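Report on one structure; see the data block that follows.
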Amino acid sequence: MAFDIDRFARDSVRVGWEDLDLEVFRTDPLPPESLRTLRYMCDVEYHTVCYLRDMLVTRSRRETEVNAFMTMWNREEFWHGEALAHVLSLHGITVSYEELKAKRVKLGWKDRLAPLKQSVLSNLVGKDFVAVHMIWGAVNEWSASAAYKRLAVLEGHPGLAVLVRRIAAQEARHVAFYATQARTRLTDNARAQKLARLALSTAWRPVGSGIASDDEVTHVMGHLFGGAAGRKEIDAIDRHISKLPGMDGLTIVGDALDARGIAA
């Protein structure tokens, strides 16, 4: 089924939480491990603007539908960060823009050179870079959607469950765009398939790996996806990936958890 970008842009709204009884967190707070995971997710959502920055210097910006999607995608991800920051604030945890800025500055030269690196790589690869961008985005959004759904299951608070499921629903629409674009651009394109497979198998890391410490990444992956139930979600993501043209047999998400010693 084709993705209707016009409908997506027309119907895109910020995720809402005003109707949810979240004030109860003041007297019935989330446990420390969940707050740690929630803070990680919040930072990742706020960092979306940097991913957008890097993509705007690549060939992806020349694609009308991709441009339209990325504009709305960035907006929705920002509001995901705002929603999570609100929950954190009810636990006495303040997520300030100055702190976010400091984290980005701390990333150093790798962050500052990222747009240049993406631009050079994009021009060297040519139009097939967009196919790699799309499948990479699909993997990240599958991971994000699964993460929010798992958090809803792990934390029984009804307000939080409803909120993160609302976020997961928007992430699912992001998946639909990326996966549709990836399938279209990879079909009957052996070069794009080889490039995408190489990129995923050698460079993909769990979402947030570039902005958080290894300890934080391992905590979040273990908290959300450790054990049989968590690994079931990870295996489902790998199956989605393997069904895309030229990606059969890839198990990059499961492999990433194995590399971090996260038991199934």
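In this text, all values refer to a predicted model and were calculated from it rather than measured experimentally.
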For this session: Could you walk me through whether His86 and Leu90 pass side chain to side chain contact (heavy atoms under 4.5 Å, CB included), step by step?
Result: CA-CA 7 Å; His86 178 69; Leu90 296 174; 3.9 Å; yes
Exercise. Please walk me through it: do Leu35 and Leu88 pass side chain to side chain contact (heavy atoms under 4.5 Å, CB included)?
Worked result: CA-CA 7 Å; Leu35 288 174; Leu88 290 167; 4.1 Å; yes
Exercise. Would you say the side-chain atoms of Glu216 and His219 include a donor-acceptor pair closer than 3.5 Å?
Worked result: no
Problem set entry | Contact check, side chains of Leu195 and Phe129, non-hydrogen atoms, under 4.5 Å | no
Problem set entry | Arg197 side-chain N/O to Gly246 backbone N/O, donor-acceptor pair under 3.5 Å | yes
Problem set entry | Non-hydrogen side-chain atoms of His80 and Gln170 separated by less than 4.5 Å | yes
Problem set entry | Under 3.5 Å side-chain donor-acceptor pair for Glu65 and Gln181 | yes
For this session: Return the minimal non-hydrogen interatomic distance between Leu30 and Glu155, and the atom names on each side.
Result: CD2-OE1, 3.7 Å
Exercise. Donor-acceptor pair, Thr187 side chain versus Arg183 backbone, under 3.5 Å?
Worked result: yes
Exercise. So Leu38 and Leu151, side chain to side chain contact (heavy atoms under 4.5 Å, CB included) or not? Walk me through it.
Worked result: CA-CA 9 Å; Leu38 208 65; Leu151 188 60; 3.5 Å; yes
Exercise. Would you find more than 12 non-hydrogen atoms of other residues, nucleotides or ligands less than 6.0 Å from Arg7 atom CZ?
Worked result: no
For this session: Mind telling me whether Trp142 and His240 have parallel, tilted or perpendicular rings, with 30° and 60° as the class edges?
Result: parallel
For this session: For the residue pair Val162 and Arg166, establish whether any side-chain heavy-atom pair is separated by less than 4.5 Å.
Result: yes
For this session: Report the distance from atom CG of Leu154 to atom OG of Ser34, rounding to the nearest 0.5 Å.
Result: 7.0 Å
Exercise. Considering the options Trp73, Phe3, Phe177, which one meets the ring-ring contact (aromatic ring centres under 6.0 Å, His included) requirement together with Phe8?
Worked result: Phe3
Exercise. Is His157 reaching over with its side chain to a backbone N or O of Gly159, donor-acceptor style, under 3.5 angstrom?
Worked result: yes
Problem set entry | Distance (rounded to the nearest 0.5 Å) between Ile241 CD1 and Ile135 CD1 | 7.0 Å
Problem set entry | Close side-chain approach of Val15 to Glu76, heavy-atom, < 4.5 Å | no
For this session: Count the heavy atoms of every other residue, nucleotide or ligand shown that sit under 6.0 Å from CG of Asp19, and state whether that count exceeds 12.
Result: yes
Exercise. Is any side-chain heavy atom of Met134 less than 4.5 Å from a side-chain heavy atom of Val66?
Worked result: yes
Exercise. Between Arg231 and Asp258, is the closest basic N to carboxylate O distance under 4.0 Å?
Worked result: yes
For this session: Return the orientation label for the Phe69 and His174 ring planes: parallel under 30°, perpendicular over 60°, tilted otherwise.
Result: perpendicular
